[in-house]
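Worksheet for the structure shown next.
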Amino acid sequence: MTALRGSTIVGLGRAVPPRVVTNADLERLVDTTDEWIVTRTGIRERRVVPDGVATSDLAYEAAVEALADAGVPADALDLIIVGTATPDMIFPATACLLQDRLGARRAAAFDASAACSSWVYGCAMAHATIAAGMAETVLVVGAETLSRITNWRDRSTCVLFGDSAGAAVLRPAPVGEGFLSFVLGADGRGGPLISLPAGGSRLPASFETVERQLHYIHMNGREVFKFAVRVIPRAIREAAERAGVPLEAVDWFIPHQANIRIIDAAAERLGQPREKFFVNVQRYGNTSSASVPVALYEAWRAGYLDRGDLLILLAFGGGLTWGSCAVRWTRERATARRAE
């Protein structure tokens with residue numbers, strides 16, 4: 001039996017809004033301090049889209065850069081997957097809006113909805129599609145405008161979230177290069193721990209749901225923290241085991257940028273040097289599905305990643321969901337440049 005082919009990332013793109021909201025700005029909105037936020041989350045600032053900018057706008061900007069980086073025209077795309085918890089609308093899919101704007105007429109398109117894990121889930125779907133011979137070129141985008149569903153009067157959540165988008169173009173690769181393994185998981189029992197209660201079929205939009213502020217993110221931060229600290233080491237170990245590589249051989253861990261204490265705890269539990277974990281949470285906060293691709297983009301652009309490096313990417317989020325993957329990086333080291 002002929003082995004299935006693999007897939008690899010051939011292009012990356014990123015979009016971050018120009019507006020910066022600092023912890024000092026939030027001190028004027030809610031009862032909090034810069035010291036409190038930094039100590040508990042590591043976040044110093046986050047990006048927020050201006051009025052009139054939607055998730056598909058950030059997705060488009062990131063996608064255009066990724067396609068240019070890959071040297072691939074939009075009309076060569078066979079599939080577009082957009083991971084997002086903040087679609088432009090319930091339907092049509094944000095991926096369909098992106099397909100139209102890119103002019104990718106040949107591409108199928110759909111959204112992946114696994115909260116912060118959506119981009120990793122999307123990469124798994126893209127890899128499987130390429131491996132099965134159903135597609136040659138797939139665009140996977142993680143894009144969020146979480147500021148649209150953040151209650152800026154709730155100090156327990158407004159300090160955490162930001163807006164951004166990250167995109168990757170995947171193409172076929174020999175087995176053993178590019179993506180080596182995927183781990184996807186979910187525990188629906190924890191669904192209420194991170195949710196947007198209203199706006200769907202259970203609680204359709206009404207005066208009551210608006211008055212009760214049910215169209216904003218609701219989160220049990222303490223329980224989510226416990227979940228993340230427990231699931232991250234397990235998902236990372238499993239991705240390494242499925243790829244047949246020891247943790248000590250991993251050059252870089254690219255985790256979901258939700259909270260610096262979660263990342264520190266994962267490094268400690270895995271017995272891995274903290275320096276091997278790429279971190280940019282201090283500049284963007286938690287950008288949900290965009291978090292991992294933006295971190296990957298910046299790690300590569302800053303010159304940290306070299307061809308042949310072994311990476312493990314990891315995300316976790318609402319659902320509850322998690323996803324990890326091992327990647328043998330196939331691109332040459334980028335000329336180092338400071339991330340914006």
Open item on the list: Could you go through Thr330 and Arg307, starting from their C-alpha distance and side-chain angles, then the distance that decides it, and tell me whether this counts as side chain to side chain contact (heavy atoms under 4.5 Å, CB included)?
Closed with: CA-CA 5 Å; Thr330 56; Arg307 182 178 178 85; 4.0 Å; yes

Task: Cationic N near anionic O, under 4.0 Å, Arg237 to Glu241 - done: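 Salt bridge flag = no for Glu241 with Arg237.
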
TODO: Output yes when Arg301 and Glu298 qualify as a salt bridge under the 4.0 Å nitrogen-oxygen rule, no when they do not.
DONE: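 Salt bridge: no.
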
Shortest non-hydrogen contact from [X] to [Y]?
X      : Y      : answer
Ala299 : Ile254 : CB-CD1, 4.1 Å
Ser164 : Pro17  : CA-CD, 4.4 Å
Ala290 : Gly166 : CB-N, 4.1 Å
Ala168 : Trp119 : CB-CZ2, 3.8 Å
Ala66  : Gly13  : CB-N, 3.5 Å
Ala228 : Pro233 : O-CD, 4.3 Å

Open item on the list: Apply side chain to side chain contact (heavy atoms under 4.5 Å, CB included) to residues Leu139 and Leu98 and explain how you reach the verdict.
Closed with: CA-CA 11 Å; Leu139 173 68; Leu98 178 61; 4.1 Å; yes

Task: side-chain hydrogen bond (donor to acceptor under 3.5 Å, both in side chains) between Glu45 and Thr22, intermediate numbers included - done: CA-CA 4 Å; Glu45 60 187 39; Thr22 67; over 6 Å; no

[X] side chain vs [Y] backbone, donor-acceptor pair below 3.5 Å:
X      : Y      : value
Thr209 : Ala205 : no
Arg274 : Asp264 : no
Asn286 : Phe161 : no
Arg155 : Val30  : no
Asp75  : Ala104 : no

Counting only heavy atoms not in [X] (residues, nucleotides, ligands), do more than 12 fall under 6.0 Å from its [atom1]?
X      : atom1 : answer
Phe110 : CZ    : yes
Arg331 : CZ    : yes
Arg333 : CZ    : yes
Arg153 : CZ    : no
Arg234 : CZ    : yes
Glu268 : CD    : no

As an exercise, state the distance from [atom1] of [X] to [atom2] of [Y], rounded to the nearest 0.5 Å.
X      : Y      : atom1 : atom2 : value
Tyr297 : Asp69  : OH    : CG    : 8.0 Å
Arg44  : Asp34  : CZ    : CG    : 6.0 Å
Leu160 : Leu26  : CG    : CG    : 10.0 Å
Ser147 : Trp152 : OG    : CH2   : 6.0 Å
Ile236 : Leu314 : CD1   : CG    : 4.5 Å
Thr137 : Ile130 : OG1   : CD1   : 7.0 Å

Task: Option from Asp51, Thr55, Val49 for which side chain to side chain contact (heavy atoms under 4.5 Å, CB included) with Val53 holds - done: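 For Val53, the side chain to side chain contact (heavy atoms under 4.5 Å, CB included) test succeeds with only one of Asp51, Thr55, Val49, which is Val49.
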
- [ ] In sequence, state the C-alpha distance, the side-chain angles, and the governing distance for Gln257 and Ser291, and then conclude on side-chain hydrogen bond (donor to acceptor under 3.5 Å, both in side chains).
- [x] CA-CA 6 Å; Gln257 308 290 314; Ser291 171; 5.2 Å; no

State, yes or no, whether a side-chain contact exists between [X] and [Y] at a heavy-atom distance under 4.5 Å.
X      : Y      : answer
Phe227 : Leu193 : no
Asn151 : His218 : no
Thr33  : Glu27  : yes
Ile9   : Leu296 : yes
Leu79  : Met134 : no
Asp154 : Met219 : no
Tyr284 : Val294 : yes
Asp251 : Trp329 : no

Task: Stepwise side-chain hydrogen bond (donor to acceptor under 3.5 Å, both in side chains) test for Thr94 and Thr84 - done: CA-CA 8 Å; Thr94 302; Thr84 185; 5.6 Å; no

Open item on the list: Is there a salt bridge (charged side-chain N to carboxylate O under 4.0 Å, His left out) between Asp78 and Arg106? Walk through the geometry before answering.
Closed with: CA-CA 6 Å; Asp78 300 301; Arg106 296 178 53 251; 2.8 Å; yes

Open item on the list: Taking Trp252 as the starting point, is it possible to reach Val120 by hopping between hydrophobic residues whose side chains are less than 4.5 Å apart?
Closed with: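 Yes: a chain of side-chain contacts under 4.5 Å links Val120 to Trp252.
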
Task: Of Phe278, Phe277, Trp322, Phe316, the residue whose pairing with His256 passes ring-ring contact (aromatic ring centres under 6.0 Å, His included) - done: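 Exactly one candidate clears the test, Phe316.
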
TODO: Could you give me the CA-CA distance, side-chain angles and deciding distance for Arg46 and Asn23, then say whether side chain to side chain contact (heavy atoms under 4.5 Å, CB included) is met?
DONE: CA-CA 9 Å; Arg46 67 285 297 147; Asn23 292 345; 3.0 Å; yes

TODO: Start with the C-alpha distance between Ile43 and Val159, add both sets of side-chain angles, then the distance that settles side chain to side chain contact (heavy atoms under 4.5 Å, CB included), and finish with yes or no.
DONE: CA-CA 8 Å; Ile43 301 168; Val159 302; over 6 Å; no

Task: Thr287/Glu144 under side-chain hydrogen bond (donor to acceptor under 3.5 Å, both in side chains): CA gap, chis, key distance, verdict - done: CA-CA 6 Å; Thr287 59; Glu144 303 287 5; over 6 Å; no

TODO: Test salt bridge (charged side-chain N to carboxylate O under 4.0 Å, His left out) on Asp309 and Arg328 and set out the steps.
DONE: CA-CA 6 Å; Asp309 281 354; Arg328 182 68 69 183; over 6 Å; no

